[in-house]
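Everything on this sheet refers to the single structure shown next.
In this text the structure is predicted, and so the values were computed from the model without any measurement. All residue numbers in this chain count up from 1 along the given sequence. Numbering of ligands and ligand atoms starts at 1, following listing order.
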Amino acid sequence: MKVAEIRDIGEYVGGEARMKGWIYNIRSSGKILFIILRDGTGTIQCVAEESVIGEEPFEKASGLTQESSVEIRGNVVEDRRAPGGYEIKVSGLDIIQLSESYPITPKEHGDSFLLDHRHLWLRSSRQNLILRIRAAVIRYIREFFDNRGFICCDTPIFTPNACEGTTTLFSTDYFGDNAFLTQSGQLYNEATAAAFRKVYCFGPTFRAEKSKTRRHLIEFWMVEPEVAFADLDDIMVLAEDFVAEITQRAVKDFEEPLREVLDRDVDRLKKVQTPFPRISYRQAAEILKDKGEDFEFGKDFGGNHETVLSEEFDRPFFVHRFPAAIKAFYMEPDPEDPSLSLSVDLLASEGYGEIIGGGQRAYDLDFLKKKIREDNLSEADFQWYLDLRRYGAFPHSGFGLGLERFLTYICGIQHVRETIPFPRLLNRLSP
Ligand code: 4AD
Ligand code: MG
């Protein structure tokens, strides 16, 4: 008999099913055992009675421990009171392995204990849901771009260049040369945009940033669209369509578990509709000043400033035209005030902070050469990038969305570390 998956168990009502999984929970009441079986696709209550399965098998089953692996066979019945709506009347049970005493129990555990046991923690219902939403969001993201004629161009992880600044580069030996782990696929996507017009990359990104906040990972996933002949306004329209569509798909597919397992205020997510508010950096600085925040014009926002700004809005909002001095070398200067750049960040509401960074790319060869020198980058390494300004230079724009920060917002959770299967943090490289 084929092994049934719990998510499809409705198809077996009235008949027999054979399942393989792990013991999520077990309790006994006299000659009856109530087992919650978990198989990775769902959980289901299985009721085993001694009078049905026999004395010896019942005794063995009574000794089952949390997370033991088992095969269970039985009749599938509809039961409104059972969680999930179905129940198994057990006819047979085989133990695959009797688990040792499982370290994660239903009682409360500290953060570092759970992170040390991340390889097991993934089995819990909350972690399972968050990572299930992650997988779905990755799918929505790819579909969003694929359906709009974007070409997926994967960019390299080993690179010779800095993209977002030299202070956060991981360097590694590349057969005697120095290579860096990528901070962003953007520079390469500027090249592929000239070949395919609309492109995106979606892959792991590395930042050797000594930040120990709930928004920082050392290794995170970023999706980065790049569009030939798009300007700053065009890319803001793309970013808001993108964030609104992905958020609404997540709401549609996960409304009930978001509310029930993660206690997410889904009504606030439903407000994530276009258009998103747009304010300039200058306006943002004024808002902060009016609210009595300690903020100096010309500086980057701290996490607290982002939280204060987000209180003004009921949905994500753009902050555009940051001072050129605090942005990367590749930003196009604002023609109306060259001390500013045609850059944009999207800040999530509810204090979740920056989820997107992007802007219009510098177009002029001499300007870029000057910026590369000023930033102490090696012009030789950037020759291929400068070629894009020599051979059919084209105005273009793009952005990068940090997958884990976006998921933290969608799930309404406190820390990015729960949104990736094995988080890499400042002081954590294992498991
Ligand atoms: O603002 P960033 O550094 O922008 C870039 O890398 C551009 N080259 C992207 C582009 O225009 N193609 O990073 C973009 C986003 C941030 O808004 C944030 O969501 C996420 O990447 N991010 C991080 N997420 C988790 N941990 C970190 N340490 C992150 N650093 C950036
Ligand atoms: Mg940024």
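If you look at V416 next to ligand 1, there are no close heavy atoms at all, none under 4.0 Å. Counting heavy atoms under 4.0 Å from ligand 1, residue F399 touches it through the backbone alone. If you look at Y330 next to ligand 1, the close heavy atoms, those under 4.0 Å, all belong to the side chain.
For Q383 and R390, the side-chain atoms include at least one donor-acceptor pair closer than 3.5 Å. Side-chain contact, Y409 with S349: a donor N or O sits under 3.5 Å from an acceptor N or O. Side-chain polar atoms of Q186 and Y330 form a donor-acceptor pair below 3.5 angstrom. Side-chain N/O atoms of N128 and S125 include no donor and acceptor closer than 3.5 Å.
Between T213, L217, T419, it is L217 that holds the heavy atom closest to atom 27 (C) of ligand 1. Closest heavy-atom approach to atom 25 (C) of ligand 1 among the candidates E404, R215, E354: R215. With Q360, K327, E164 as candidates, the residue nearest to atom 7 (C) of ligand 1 on a non-hydrogen basis is E164.
Exactly one residue among F202, F196, Y140, Y200 makes a ring-ring contact (aromatic ring centres under 6.0 Å, His included) with F145. That residue is Y200. When the options R207, Q183, E209, K210 are evaluated for a side-chain hydrogen bond (donor to acceptor under 3.5 Å, both in side chains) with T168, the one that passes is Q183.
Residue contacts with ligand 1 include I355, since one or more of its heavy atoms lies under 4.0 Å from the ligand. The shortest separation from a heavy atom of F406 to ligand 1 is not under 4.0 Å, leaving the residue out of contact.
Per-residue contacts place Q186 under 4.0 angstrom from the following atoms of ligand 1 (heavy atoms of the residue considered): 7 (C), 8 (N), 10 (C), 11 (O), 12 (N). Ligand-side atoms of ligand 1 in range of E209: 28 (N), range being under 4.0 angstrom from any heavy atom. Listed by atom number, the atoms of ligand 1 under 4.0 Å from I356 heavy atoms are 17 (O). Every atom of ligand 1 is numbered from 1 in the order shown, and the set under 4.0 Å from a heavy atom of R361 is 10 (C), 11 (O), 12 (N). The ligand atoms of ligand 1 that sit less than 4.0 angstrom from a heavy atom of G358 are 11 (O). Which parts of ligand 1 touch G402 is read off a 4.0 Å heavy-atom cut-off, strictly below it: atoms 15 (C), 19 (O), 20 (C), 21 (O).
Of the protein's non-hydrogen atoms, G400 O, 3.7 Å is the one closest to atom 15 (C) of ligand 1. Shortest contact from atom 14 (C) of ligand 1 to any protein heavy atom: M222 SD, 3.4 Å. In this structure, the protein non-hydrogen atom closest to atom 6 (O) of ligand 1 is R207 NH2, 2.9 Å. Ranking the protein heavy atoms by distance from atom 12 (N) of ligand 1 puts E224 OE1, 2.7 Å first. Looking from atom 18 (C) of ligand 1 to the surrounding protein, the closest heavy atom is R405 NH1, 3.5 Å. In terms of protein heavy atoms, atom 31 (C) of ligand 1 is closest to F220 CZ, 3.4 Å.
When side chains are defined from C-beta on, P335 counts as touching L342, because their heavy atoms get closer than 4.5 Å.
Ligand 1 has no N or O atom lying under 3.5 Å from any N or O atom of H216, backbone or side chain. In terms of polar-atom proximity, E226 is not counted as a contact of ligand 1, lacking any N or O under 3.5 Å from an N or O of the ligand. Every N/O-N/O distance between L401 and ligand 1 stays at or above 3.5 Å.
A salt bridge between D345 and K327 is present, with a side-chain N of the basic residue lying under 4.0 Å from a carboxylate O of the acidic one. For E5 and R7, the salt-bridge test passes: some basic side-chain N is under 4.0 Å from an acidic carboxylate O. Using a cut-off of 4.0 Å between Lys/Arg side-chain N and Asp/Glu carboxylate O, K20 and D94 are scored as not salt-bridged.
Under the 30°/60° scheme for interplanar angles, the aromatic rings of F144 and F242 are found to stand perpendicular. Ring orientation note: the planes of F301 and H305 are nearly perpendicular, at an angle over 60° on the 30°/60° scale.
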> Please walk me through it: do T105 and Q66 pass side chain to side chain donor-acceptor pair (under 3.5 Å)?
Replying inline: CA-CA 8 Å; T105 58; Q66 188 188 344; 6.0 Å; no
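The Mg ion (ligand 2) has an N, O or S atom of E354 inside 2.8 Å of it.
Taking the ring centre of F276 as origin, the terminal cationic atom of R315 falls outside the region bounded by 6.0 Å and 45° from the ring axis.
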